[in-house]
Q: 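The structure follows.
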Amino acid sequence: MELLRKWLGHPEDIYNLLRFKMGGYRTVMPRMDTDSLGCGLRTCYRYLNQTSRSFAAVIQALDGELRHAVCIFYLVLRALDTVEDDMSIPLDVKVPMLHEFHSYLYQPDWKYTESKEKDRQVLEDFPTISMEFRNLSKVYQDVISDICHKMGVGMAEFLEKKVDSEREWDKYCHYVAGLVGIGLSRLFSASELEDSIVGQDTDLANSMGLFLQKTNIIRDYLEDQLEGREFWPREVWSRYAKKLSDFAKPENIDMAVQCLNELITNALHHVPDVLTYLSRLKNQSVFNFCAIPQVMAIATLTACYNNQQVFRGVVKIRKGQAVTLMMDATNIQAVKAIVYQYVEEIYQKIPSTDPSSNKTQQVVASIRAVSLPGSPMASRHHYSPIYLSCAMLLAALSWQYLSTLSKATEEYVQAGDN
């Protein structure tokens, strides 16, 4: 019944869950025909689906040869990330591997069979991935190899040091996510589906990655603490506590939330760049690929803002809310309206006593200025009384059915695993 009460409060979620379940998801994630692929590529797409819940579907919805290039790019970086994450690999082995990983793309027989990580298959069968890499056009190979090299060097740098300053936070996020945004942008331009400026403007592409990575780091505070990882910048959290782990203690919750709000304010500074980047995209499949994670991120940050639950458990956006975002975020005006809606929600939650309240208000104002509602999407959640009554009746009749929505959909909308 708790699920039913949630739906009654959000009738648009019911409508979009039904629309999504009945085939609407094919408008943003059309089915890919794998029967025509060679054995190696089919294997790569199988690994893609096994290792990525949130990106597999949108990668497979990309147009033309770009789809294969992004699939291989993802798997190469997943293999690199698996090396970084594997605590069983001694540092004197791991550091050289990270530095040289890009060279393994050109070594047909290279593989690593000693990993204990859950995604170890991408290392154990790296010859298949590297073979398909070498089958790509040289323009794609050059981008993937270059980003792999830079990311490996950056990962090695942060293996033995923690993130201290806000500048180092930006640097760390650049290595693990900003470079991904830059690489993807160069692939988009290389495919000629997008203009050359998309790949050339590395500052905007970097912001795309930083916004997603900072959102994940902020949301995953408790999970990272339990795993012994720390990614919040010391320069910020040390103003509120002696140790980052202190935020999980009930007596420190007020200071914890103030630190949380400051970091969310920091992340929000990337939103104007995100909107500028998205406004340059021409290809629909590329736009969907880029926009969906970004609107999920702004929704997630809004849910986390001033929320004590970040330090007690997991903060998630509703499944119906995620589906609504996926269905709606198909053009720049719609995305601007979505962003405007969520920053308004943050604005309404800003505590007057919060140390970062002025900065938060300022960044919200800057986002408002570039996302003023100019389309019907701005009022997309205003429903007539008749519709609301029908939606509530539908909820009462179908809530149990919808709670068993397909596993694939559920896994996708849990976004943020990568």
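Just so it is clear, the structure is predicted and the values come from calculations on it, not from any experiment. Starting from 1, each residue takes its place in the sequence as its number.
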Q: Do D170 and R167 meet the salt-bridge criterion of a basic N to acidic O distance under 4.0 Å?
A: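 Result for this pair is no, no salt bridge flagged.
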Q: Applying side chain to side chain contact (heavy atoms under 4.5 Å, CB included), run through V274 and I298 and close with a yes or a no.
A: CA-CA 11 Å; V274 168; I298 189 69; over 6 Å; no
Q: Does any non-hydrogen side-chain atom of V176 lie less than 4.5 Å from one of M151?
A: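 A side-chain contact under 4.5 Å is absent here.
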Q: Do V286 and L184 come within less than 4.5 Å of each other through their side chains, counting heavy atoms only?
A: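 In short, these two side chains do not touch, never coming nearer than 4.5 Å.
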Q: Let's go through Y305 and E345 carefully: what are the C-alpha distance in whole Å and the side-chain angles of both, what is the deciding distance for side-chain hydrogen bond (donor to acceptor under 3.5 Å, both in side chains) to 0.1 Å, and is it a yes or a no?
A: CA-CA 10 Å; Y305 184 80; E345 188 174 331; over 6 Å; no
Q: If we ignore hydrogens and angles and just use 3.5 Å, is the side chain of K214 paired with the main-chain N or O of I264 as donor and acceptor?
A: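 It does not hold such a pair.
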Q: State, with a plain yes or no, whether a side-chain heavy atom of Y112 is found less than 4.5 Å away from one of V83.
A: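 Counting from C-beta outward, Y112 and V83 never come under 4.5 Å.
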Q: Under a 3.5 Å threshold, yes or no: a donor from one side chain and an acceptor from the other, between D273 and T276?
A: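 No, because no side-chain N or O of D273 sits under 3.5 Å from a partner of the opposite role on T276.
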Q: How long is the span from the CD atom in Q121 to the CG atom in L123, to the nearest 0.5 Å?
A: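 The CD atom of Q121 sits 9.0 Å away from the CG atom of L123.
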Q: So do the side chains of R234 and V163 get within less than 4.5 Å of each other, counting heavy atoms only?
A: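 The answer is no; the side chains never approach within 4.5 Å.
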Q: Tell me, please, which residues at least two apart from F101 pass ring pair (Phe, Tyr, Trp, His ring centres under 6.0 Å).
A: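 Residues passing ring pair (Phe, Tyr, Trp, His ring centres under 6.0 Å) with F101: Y104, W110, F126.
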Q: Under a 3.5 Å distance rule, please check whether E194 uses its side chain to pair with a backbone N or O of K282 as donor and acceptor.
A: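 Yes, because the side chain of E194 sits within donor-acceptor range (under 3.5 Å) of the backbone of K282.
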Q: Are side-chain N/O atoms of T82 and D119 paired as donor and acceptor at under 3.5 Å?
A: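 T82 vs D119: no donor-acceptor pair found between side chains.
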Q: Measuring from atom OG of S115 to atom CG of D86, what distance do you get when rounded to the nearest 0.5 angstrom?
A: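 Result: 4.0 Å between the selected atoms.
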Q: Ignoring hydrogens and angles, tell me if any N or O in the side chain of R42 forms a donor-acceptor pair with the backbone of L37 under 3.5 Å.
A: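 Present.
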Q: Report yes if the side chains of T324 and R318 come closer than 4.5 Å at any heavy-atom pair, otherwise no.
A: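 They are not in side-chain contact.
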Q: Taking the side chain as every heavy atom from C-beta outward, state whether C290 and F188 have any atom pair closer than 4.5 Å.
A: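 When only atoms from C-beta onward are counted, F188 and C290 do touch, with a gap below 4.5 Å.
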Q: Take a 6.0 Å sphere around CD of E192 and say whether it holds more than 12 heavy atoms from other residues, nucleotides or ligands.
A: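 No.
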Q: Does R120 have more than 12 heavy atoms from other residues, nucleotides or ligands lying within 6.0 Å of its CZ?
A: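 Yes.
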Q: Quick one: do K116 and M87 satisfy side chain to side chain contact (heavy atoms under 4.5 Å, CB included)? Show the steps, please.
A: CA-CA 9 Å; K116 303 295 189 293; M87 302 304 292; over 6 Å; no
Q: Do N307 side-chain atoms and A303 backbone N/O form a donor-acceptor pair below 3.5 Å?
A: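 It does hold such a pair.
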Q: Please check if the number of heavy atoms outside K359 that lie under 6.0 Å from its NZ is greater than 12.
A: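 Check fails, neighbour count at 12 or below.
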Q: Establish, yes or no, whether the cationic atom of K161 lies under 6.0 Å from the six-membered ring centre of F158 and within 45° of the ring axis.
A: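 Relative to the ring axis of F158, which defines the angle, K161 lies inside both limits.
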Q: Taking only residues two or more places apart in sequence, or in another chain, which ones meet S245 in a side-chain contact (heavy atoms from CB on, under 4.5 Å)?
A: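 Testing S245 for side-chain contact (heavy atoms from CB on, under 4.5 Å), a comparison that skips the adjacent residues, returns Q225, K243.
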Q: Quick one: closest heavy-atom pair of I367 and P272, and the distance?
A: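 For I367 and P272, the tightest heavy-atom pair comes out as CG1-CD, 4.1 Å.
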Q: CD of Q294 to CG of L325: how many Å apart, nearest 0.5 Å?
A: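 The CG atom of L325 is 12.5 Å from CD of Q294, to the nearest 0.5 Å.
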Q: Ignoring hydrogens, what is the shortest heavy-atom contact between D328 and A334? Give both atom names and the distance.
A: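 In this case the closest contact between D328 and A334 is O-CB, 3.3 Å.
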Q: So, does N252 use its side chain to make a donor-acceptor pair with the main chain of M255 at under 3.5 Å?
A: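 A pair under 3.5 Å: no.
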Q: Between D224 and R229, is there a donor-acceptor pair closer than 3.5 Å when you use the side chain of the first and the backbone of the second?
A: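 Judged by distance alone, no pair lies under 3.5 Å.
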Q: Spell out, as yes or no, whether a donor-acceptor pair under 3.5 Å connects the side chain of E84 to the backbone of M155.
A: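 No.
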Q: How long is the span from the CG atom in L62 to the CG atom in L193, to the nearest 0.5 Å?
A: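 Rounded to the nearest 0.5 Å, the CG-CG separation comes to 8.5 Å.
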Q: Whether the side chain of E227 engages the backbone of E223 through a donor-acceptor N/O pair (distance < 3.5 Å, no angle test) should be reported.
A: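 The answer is no, because no donor-acceptor pair under 3.5 Å joins these two groups.
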Q: Does a side-chain heavy-atom distance below 4.5 Å link F73 with I147?
A: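 Result yes, sub-4.5 Å side-chain heavy-atom pair found.
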Q: What is the minimum heavy-atom distance between I350 and S357, and which atoms define it?
A: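 Looking at all heavy atoms of both residues, the closest pair is CG2-CB, 3.6 Å.
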Q: Taking side chain as C-beta onward, heavy atoms only, is Y340 less than 4.5 Å from E344?
A: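 Heavy-atom side-chain distance check passes, below 4.5 Å.
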Q: Report the C-alpha separation of F231 and K162 in whole Å, then their side-chain angles, then the decisive distance to 0.1 Å, and conclude whether the side chain to side chain contact (heavy atoms under 4.5 Å, CB included) test is met.
A: CA-CA 7 Å; F231 299 112; K162 293 184 177 181; over 6 Å; no
Q: What heavy-atom pair brings A61 and S285 nearest, and what distance separates the two atoms?
A: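 It is O-CB, 3.4 Å.
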Q: Taking S356's backbone N and O only, do any of them form a donor-acceptor pair with D354's side chain (distance below 3.5 Å, no angle check)?
A: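 Checking the backbone N and O of S356 against the side chain of D354, a donor-acceptor pair under 3.5 Å is found.
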Q: Assess the side chains of S196 and S189: does a donor N or O sit below 3.5 Å from an acceptor N or O?
A: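 Per modelled atom types, S196 and S189 side chains form no pair under 3.5 Å.
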Q: Taking atom CZ as the centre, does R239 end up with more than 12 heavy-atom neighbours from other residues, nucleotides or ligands that are less than 6.0 angstrom away?
A: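 Yes.
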Q: Give a yes or no on whether the ring-centroid distance for H68 and Y45 is below 6.0 angstrom.
A: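 So the answer is yes for these two rings.
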Q: Write out all pairs satisfying side-chain hydrogen bond (donor to acceptor under 3.5 Å, both in side chains) with one or both partners inside residues 172-186, taking only residues at least two apart or from two chains.
A: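 Sorted result for residues 172-186: D146-R186, E157-Y175, H174-N206, S185-Y277.
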Q: What distance separates T215 OG1 from H270 NE2, expressed to the nearest 0.5 Å?
A: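 That separation rounds to 9.0 Å.
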Q: Between P293 and F55, what is the shortest heavy-atom contact and its length?
A: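 Closest pair (atom of P293, atom of F55, distance): CG-CE2, 4.0 Å.
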Q: Hey, which of W237, Y221, W169 is the one that makes ring-ring contact (aromatic ring centres under 6.0 Å, His included) with W232?
A: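 With W232 as partner, ring-ring contact (aromatic ring centres under 6.0 Å, His included) holds for just one option, Y221.
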Q: Establish, from distance only, whether the side-chain atoms of N288 and Q284 form a donor-acceptor pair under 3.5 Å.
A: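 Yes, side-chain donor-acceptor contact under 3.5 Å.
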Q: How long is the gap from CZ on F311 to CG on L222, to the nearest 0.5 Å?
A: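 Rounded to the nearest 0.5 Å, the CZ-CG separation comes to 9.5 Å.
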Q: Which atom names give the shortest non-hydrogen contact between L260 and C304, and what distance separates them?
A: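 Shortest heavy-atom separation between L260 and C304 comes out as CD2-O, 3.2 Å.
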Q: Determine, step by step, whether Y74 and V180 satisfy the side chain to side chain contact (heavy atoms under 4.5 Å, CB included) criterion, reporting the C-alpha distance in whole Å, the side-chain angles of both residues, the deciding distance to 0.1 Å, and the verdict.
A: CA-CA 9 Å; Y74 174 86; V180 179; over 6 Å; no
